[in-house]
Colleague: 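Please see the structure below; I have some questions.
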2 protein chains.
Amino acid sequence: MTPTILDHLLLVSELFQRDMARAFAGTTLTASRVRVLWLLQHRGPSTQRELAQELDVSARNVSGLVDALEASGHVLRSPHPTDRRATVVTLTDAAAEQMAAMQSDHAQLSVTLLDAVAPQDREPLERGIVAIAARLAELVEAAERAGAEAAR
Amino acid sequence: MTPTILDHLLLVSELFQRDMARAFAGTTLTASRVRVLWLLQHRGPSTQRELAQELDVSARNVSGLVDALEASGHVLRSPHPTDRRATVVTLTDAAAEQMAAMQSDHAQLSVTLLDAVAPQDREPLERGIVAIAARLAELVEAAERAGAEAAR
DNA sequence: TATTGTTATACTCTATAACTATA
DNA sequence: TATAGTTATAGAGTATAACAATA
């Protein structure tokens with residue numbers, strides 16, 4: 001069987017993940033921890049509850065990830081100014097710089113990849129991928145709703 | 001910032017993985033175990049060493065995955081006919097059927113997704129994705145070679 | 001000697017449940 | 001009562017290292 005569009009899409013994601021893993025090997029960073037840093041860079045200082053919601057993981061999981069990132073000097077925990085139950089997580093300067101560099105690498109990679117596509121194919125490619133992502137999002141959401149319904 | 005092509009690609013893969021996880025929730029199957037089954041369906045009966053090589057994971061990891069799949073009735077272990085060190089892993093009939101159904105769902109999904117793309121965009125889309133996957137594969141391979149070189 | 005798969009050990013991600021402090 | 005985060009516990013994926021059986 002010839003690979004389908006979906007197969008090519010999944011291949012891209014597999015390659016990307018493999019490269020991430022390689023890039024972080026030998027450091028204390030992992031894909032999950034980087035997702036936390038990435039989110040903090042985009043949102044700014046956040047409570048652990050906010051991180052858990054955005055990442056769609058449990059509060060317990062966030063505790064562990066923040067523990068590790070705090071130990072490695074990537075984030076700081078500080079008390080919330082008004083809610084004494086809550087903890088605010090902030091990127092350290094070094095981590096903020098690192099994330100800025102990562103973001104710029106990411107943008108550069110996107111350019112490099114697009115550069116491999118014939119110029120006249122670029123616009124339809126972009127439209128096509130956006131359409132596929134939207135359709136897939138609908139399908140997944142419908143499946144999740146159906147699952148939630150069945151569980152009642 | 002507007003999302004780049006790469007962001008859209010990664011969104012597709014994230015949605016896909018989320019749907020996989022949802023589909024297997026409540027069963028003993030997981031993404032890793034399904035990868036083993038998928039591979040067995042494509043390769044036919046294989047030794048654990050072959051599985052470890054194809055999946056690019058450790059022998060230990062394969063032992064655990066096969067243990068779980070054997071317990072759940074998805075695979076059988078049998079002695080290798082000529083090499084008494086090796087174990088041959090085979091899909092059970094039920095698992096083979098299940099994988100055939102999954103493969104057909106996968107093909108169907110690919111059609112459904114392509115259906116969301118404007119007809120005149122489909123060919124350039126496909127060409128574009130193939131080009132991106134190829135370029136990314138080059139980049140990742142080069143990075144891996146560079147890393148291996150640096151480690152010497 | 002080299003290879004196949006297992007046992008031993010350890011780390012990470014993840015979840016639920018019980019609990020503490022606070023709202 | 002409800003919420004934020006931690007401790008306790010557990011399952012799964014993954015790795016390396018030591019080991020047994022076999023090649």
Side-chain angles (χ1 to χ4, degrees), chain A residues 14 17-18 20-40 45-72 74-90 151, chain B residues 14 17-18 20-40 45-72 74-90 151:
Chain A
E14 191 207 308
Q17 285 170 232
R18 202 166 95 203
M20 282 263 289
R22 181 198 53 73
F24 300 139
T27 75
T28 61
L29 288 182
T30 64
S32 295
R33 291 172 193 174
V34 169
R35 281 202 315 171
V36 174
L37 299 180
W38 188 264
L39 191 54
L40 285 170
S46 309
T47 63
Q48 294 190 188
R49 190 202 108 259
E50 287 166 340
L51 296 177
Q53 273 179 343
E54 288 285 326
L55 296 169
D56 197 28
V57 299
S58 66
R60 177 63 186 89
N61 193 352
V62 170
S63 285
L65 294 171
V66 172
D67 282 351
L69 289 169
E70 194 178 29
S72 59
H74 289 93
V75 304
L76 296 171
R77 275 182 167 112
S78 51
H80 189 282
T82 63
D83 186 339
R84 291 202 301 174
R85 294 169 307 180
T87 304
V88 176
V89 183
T90 312
Chain B
E14 192 206 310
Q17 285 170 230
R18 203 165 94 202
M20 283 263 290
R22 182 198 54 74
F24 300 138
T27 75
T28 60
L29 288 181
T30 63
S32 295
R33 290 173 194 176
V34 169
R35 281 203 315 173
V36 174
L37 299 180
W38 187 266
L39 191 54
L40 284 170
S46 309
T47 64
Q48 295 190 188
R49 190 201 107 259
E50 287 166 340
L51 296 177
Q53 272 178 344
E54 288 284 326
L55 295 169
D56 198 27
V57 298
S58 66
R60 177 62 187 91
N61 194 352
V62 170
S63 285
L65 294 171
V66 172
D67 282 350
L69 290 169
E70 194 178 28
S72 59
H74 289 94
V75 305
L76 296 171
R77 276 181 166 114
S78 51
H80 189 281
T82 63
D83 186 340
R84 290 203 301 175
R85 294 170 306 181
T87 302
V88 177
V89 183
T90 313

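Letters A, B, ... mirror the listed sequences (proteins, then strands); counts begin at 1.
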Colleague: Whole-Å distance between D/dA15 C1' and B/Leu55 CG?
Modeller: 15 Å
Colleague: Is B/Asn61 near enough to D/dG13 that one of its side-chain N or O atoms lies under 4.0 angstrom from OP1 or OP2?
Modeller: no
Colleague: Which is it for A/Leu51 and A/Leu40 under the side-chain contact (heavy atoms from CB on, under 4.5 Å) test, yes or no, and what are the steps along the way?
Modeller: CA-CA 8 Å; A/Leu51 296 177; A/Leu40 285 170; 3.9 Å; yes
Colleague: Take atom CZ of B/Arg49 and atom P of D/dT22, then tell me their distance rounded to the nearest Å.
Modeller: 18 Å
Colleague: Closer to the 5' end of DNA chain D via nearest nucleotide, is it B/Thr82 or A/Ala86?
Modeller: A/Ala86
Colleague: Using atom CG of B/Leu29 as one end and atom C1' of D/dA12 as the other, report the distance to the nearest whole Å.
Modeller: 13 Å
Colleague: Could you tell me whether B/Thr28 contacts a base, only the sugar-phosphate backbone, or nothing, with contacts defined as non-hydrogen atoms closer than 4.0 Å?
Modeller: nothing
Colleague: Looking at D/dA12, I'd like to know if its phosphate oxygens (OP1 or OP2) sit under 4.0 Å from a side-chain N or O belonging to B/Thr30.
Modeller: no
Colleague: For side-chain contact (heavy atoms from CB on, under 4.5 Å), just list the numbers for A/Arg35 and A/Val57, CA-CA rounded to whole Å, side-chain angles, deciding distance to a tenth of an Å, and then say yes or no.
Modeller: CA-CA 12 Å; A/Arg35 281 202 315 171; A/Val57 299; 4.3 Å; yes
Colleague: Under 3.5 Å, is there an N or O donor on one side and an acceptor on the other linking the side chain of B/Arg84 and the base of D/dT22?
Modeller: no
Colleague: What does B/Asp83 touch in the nucleic acid at a heavy-atom separation under 4.0 angstrom: a base, only the sugar-phosphate, or nothing?
Modeller: sugar-phosphate
Colleague: Reading DNA chain C from 5' onward, which residue's closest nucleotide shows up sooner: A/Val57 or B/Thr47?
Modeller: B/Thr47
Colleague: Are B/Arg60 and D/dG13 close enough that a side-chain N or O sits under 4.0 Å from OP1 or OP2?
Modeller: no
Colleague: Please state whether the phosphate of D/dT6, meaning OP1 or OP2, lies under 4.0 angstrom from any side-chain nitrogen or oxygen of A/Ser63.
Modeller: yes
Colleague: For C/dG5, take OP1 and OP2 only and decide whether either is under 4.0 Å from a side-chain N or O of B/Arg77.
Modeller: no
Colleague: For residues B/Leu37 and B/Leu29, determine if any side-chain heavy atom of one lies less than 4.5 Å from a side-chain heavy atom of the other.
Modeller: yes
Colleague: To the nearest angstrom, how far is B/Leu65 atom CG from D/dA12 atom P?
Modeller: 11 Å
Colleague: Starting at atom CD of A/Glu50, determine the distance to atom P of D/dT3, rounded to an integer number of angstrom.
Modeller: 15 Å
Colleague: Take atom CD of A/Gln17 and atom C1' of D/dT14, then tell me their distance rounded to the nearest Å.
Modeller: 15 Å
Colleague: Report the distance from atom CZ of B/Arg18 to atom P of C/dT14, rounded to the nearest whole Å.
Modeller: 14 Å
Colleague: Do B/Arg33 side-chain atoms and B/Thr28 backbone N/O form a donor-acceptor pair below 3.5 Å?
Modeller: yes
Colleague: Here's a test of your reading of the structure: between A/Gly64 and B/Arg85, which maps to the more 5' nucleotide of DNA chain C?
Modeller: B/Arg85
Colleague: Reckon A/Ser32 touches a base, only the sugar-phosphate, or nothing at all at heavy-atom distances under 4.0 Å?
Modeller: sugar-phosphate
Colleague: Between D/dA12 atom P and B/Arg35 atom CZ, what is the distance in whole Å?
Modeller: 17 Å
Colleague: Any side-chain heavy atom of B/Gln48 within less than 4.5 Å of one from B/Ser63?
Modeller: yes
